[in-house]
Structures are given as structure tokens and as C-alpha cells.
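Any value given below was found using the heavy atoms of this structure, including those in side chains, with hydrogens, waters and symmetry copies removed. Each chain gets a letter, A, B and so on, in the order its sequence line appears, and its residues count up from 1.
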There are 2 protein chains.
Amino acid sequence: MPRNRAPVDRTEKRAEIVTAATRLFVDDGYDNTTMGKIAAAAGVTANTIYWYFRDKDQLLIGVLDDVHAQTLIRFTALGELPLGDRILWAVRELTGYHRLVDTVHVRKAQSPEIDDWHNAFHSTWEGWLASNLTLLGVSEADIEPMTRVIVFVIESMLTHPNTELENRATVDVLLRMVDPPTS
Amino acid sequence: MPRNRAPVDRTEKRAEIVTAATRLFVDDGYDNTTMGKIAAAAGVTANTIYWYFRDKDQLLIGVLDDVHAQTLIRFTALGELPLGDRILWAVRELTGYHRLVDTVHVRKAQSPEIDDWHNAFHSTWEGWLASNLTLLGVSEADIEPMTRVIVFVIESMLTHPNTELENRATVDVLLRMVDPPTS
DNA sequence: ACCTGAACACCGTTCAAGT
DNA sequence: ACCTGAACACCGTTCAAGT
């Protein structure tokens, strides 16, 4: 019996649970998804999930990490694009996950781990945006508030779905903050 | 026995339940607040609440209507102020209700009535903002997306608490969209 | 009309017991 | 180490019964 047999199985089983939970959290929402449904979709019983995750919130973090990692990979694979196009790409890519966004905002008040995850999420994207704004010549003092505004608008665009045309218009007026039209 | 005795009592009892629910939803969150706790705080048993509200979501709507109505009254009582100051006032006033905001965003997917309430809320404030932007000379085509951006940022400011100084800076750069600095 | 005690169906989580 | 059946505590909601 090879020494890495068990660990590999464990990783695979964990991944199956995360995959099942992701689909259910995304489609039906966190509250409507019972541990029993997730377990059934992963081919185990509800209490087995607790061998892999401390509780339902830790499973949520597993889902968030997975979704975020995959999004980061695709985001990095994007070629050079103007800031507005990158933002629209991210909105298009993440709109399907709007229920996860709302759930994180509710549950970060209950779970320190989800609060940490949420803070790290904001740090990651605010850091990326800040360096972009610097490159675009935004003054030092404006970087922080502008970064906040842009992240806020992106998050809200996810949770308040609009048409592609409306999103384009939203991002256009938003970036006029950064790069005012030379009238 | 006066004919309006019962209706008056009913209104008062309903108000007591709403008051109790408001405090608990705001302080502890919707999920952590059981019907039993609300009932105890209002001096009844849990099932009595169902005589006044169809279910927990309808009680949430009762709470939202109450909080929103009171906020509207205070908002109207505000004197003439620049747009930025009015926005900061609203943020200051509503920050304490950030858990309600997040809860509405999660539950509007489950309850058509809460979805309706949320849409009406956005309509009210986007309408008010749109007329303000028109007065400030914003072009017809920009009104709608700018209104969206401002409402999005206000909502996110509530759910991502910052210092008063940070909020001031956020609103300043935000309104540069509306009124670009004459450089 | 209004209120209650008791019950129902369900859910997240635990635990003793198996392999 | 991994998994399960059974149980526990709890919750939103219902209902028959009272006044």
C-alpha cells in the first residue's frame, strides 16, 4: 500500500465536496443548501463532510478559495487591456457568483475566518487596482479613495445585475473619475 | 366597548413586535435572531407573531418599512446642503443598519416581496439622485449610469465601514465624476 | 379576534460504533 | 484514517384549543 494513497484520496474527496457545494451555493444559495444535499451530491452522508471541514462556514471558505483561485488564473491569462475592459471582464466573469458575494457579506459578521477571507479579497484587488491607478498617473492622495470607489462599484455590479450595455456605461462614467475628459 | 379598541391595540402590538425585531436584527443579525427571541422581547410567544406577520420575511419587511420611513423623515428635515454633504449624512445615519442591507441582498433571492422592497428602495433614491444630478447640469445620457454608481458606492460604504475621514475622501473623488475639477 | 402549548418537519452538528 | 446511523439541540411554522 503506497504511502501517498490515503492523502491523494483525501484530496480528491475534498475536491468533490467543494465542487458539489459550489454548484449548490451558487445555484440555490447558502441558506437553501443543506449539508445533506451537498453530501448526497458528493456521494457521502452529511456527517462525513465534518471529517473534511470543521463546519458549514469552513466549507464556504473552501468554495470561495476554489472559485477565487480559478478566477485569478483566468484573469492573469488575459492579455494587456485597458482598465475599463478588464473591469468589465471581471464583472462578466463573476456575475454568476453574486449569491456568494452576498453570503460572504452576511456571514463575515458571524465568522472571523470569513471576515479574514473577505479582507484578504479586498486587499488583493485594491492592491492590484492601486498599482494600475498609479501607472495611469493618479495622484498619491487620490489612489486610496478611488480604489475603494472602483471596488465598491464592481462588487455592487455583481449583486445588482444589469445589461452589458448598462455595465459599459457604468464603467465609463466611473473611470471619468480617474481620467477626466479634456473638455 | 368602543369600536376602535381592538384595531388600536393591534397596531400597538404590531409596533412592539417590529421594535423588538428591529433591535435584534440590527444588533445580532437576521439569522441569529429567532422568532422566540423577538417574541420574548415583545412579551408574547413565538407563534403569536404569526397573527401579525405571515412569516419571518414579512416581519423583516415591516422592520425595513419602519426604519426607512423614519430615515426619510429625518432626511427631509435636513436643510439645503451640497450633494456630498447629504450623501455623507445618509451614510452616517444608515451605517448602523448595515446588517439589514446585507440581509436584504441575500433574502431578495428567496422572497419576491423583499425583492420588490429592494427595487422600490433603489427607485426612490435613484429618482432623488437623478433629479439632483440634472440640477447640477449633468448631461441626460450620463444621469442614469452616474446615479447607479453613486447608489452603489453609498450602499457599499454602509456594508464596509470606514472612518469619517475616509468616507469624506471617498465621496470627494466620487463626485469628481459629476463635477470635474477645472484644471 | 387574539393568544397559547404542543407538535411537526427540518437543519447543523456530535458521537459512539464500525472498517 | 475515514465513514455511518442515530441522536441532540434548535428553529420556523402550524394547528387545535382556549378566551
Checklist entry - So, E93(B) and R74(B), do they make that salt bridge, N to O below 4.0 Å? => result yes
Next on the checklist: I'd like to know if R168(A) pairs up with D85(A) as an ion pair, taking the criterion as any Lys NZ or Arg NE/NH1/NH2 lying under 4.0 Å from an Asp or Glu carboxylate oxygen.
Outcome noted: yes
Value in whole Å for how far the [atom2] atom of [N] lies from [atom1] of [X]:
{"X": "W51(B)", "N": "dG18(D)", "atom1": "CH2", "atom2": "C1'", "answer": "13 Å"}
{"X": "I49(A)", "N": "dC2(D)", "atom1": "CD1", "atom2": "P", "answer": "15 Å"}
{"X": "F53(B)", "N": "dC3(C)", "atom1": "CZ", "atom2": "C1'", "answer": "16 Å"}
{"X": "K37(B)", "N": "dC10(D)", "atom1": "NZ", "atom2": "P", "answer": "11 Å"}
{"X": "Q58(A)", "N": "dT13(C)", "atom1": "CD", "atom2": "C1'", "answer": "14 Å"}
{"X": "R54(B)", "N": "dG12(D)", "atom1": "CZ", "atom2": "P", "answer": "16 Å"}
{"X": "M35(A)", "N": "dC10(C)", "atom1": "CE", "atom2": "C1'", "answer": "15 Å"}
{"X": "I17(B)", "N": "dC2(C)", "atom1": "CD1", "atom2": "C1'", "answer": "11 Å"}

From [options], nucleotide with atom closest to [X] side chain:
{"X": "K56(B)", "options": "dG12(D), dC2(D), dT4(D)", "answer": "dG12(D)"}
{"X": "K13(A)", "options": "dT4(C), dC3(D), dT13(C)", "answer": "dC3(D)"}
{"X": "V44(A)", "options": "dT4(C), dT4(D), dC11(D)", "answer": "dT4(D)"}

Next on the checklist: Is the shortest side-chain heavy-atom distance between D55(A) and L59(A) below 4.5 Å?
Outcome noted: no
Checklist entry - Do E166(B) and E144(A) have side chains that get closer than 4.5 Å, going by heavy atoms? => result yes
Checklist entry - Heavy-atom count around E164(A) CD within 6.0 Å, excluding the residue itself: above 12? => result yes
If only side-chain N and O atoms of [X] are considered, is one of them under 4.0 Å from the OP1 or OP2 phosphate oxygen of [N]?
{"X": "Y50(B)", "N": "dC15(D)", "result": "no"}
{"X": "Y52(A)", "N": "dC3(D)", "result": "yes"}
{"X": "R10(A)", "N": "dA1(D)", "result": "no"}

Checklist outcome for this item: Value for CG (L88(A)) from CE (M157(A)), rounded to nearest 0.5 Å, stands at 6.0 Å
Next on the checklist: Please enumerate all residues that pass side-chain contact (heavy atoms from CB on, under 4.5 Å) together with V101(B), with sequence neighbours excluded.
Outcome noted: H105(B), E155(B), L158(B), T159(B)
Next on the checklist: By the 4.0 Å heavy-atom rule, please label T48(B) as base, sugar-phosphate, or nothing.
Outcome noted: base
Checklist outcome for this item: Encoded 5' to 3' (Watson-Crick or G-U under 3.5 Å; [ ] crossing; | other strand), DNA chain D becomes ||.|||||...|||||.||
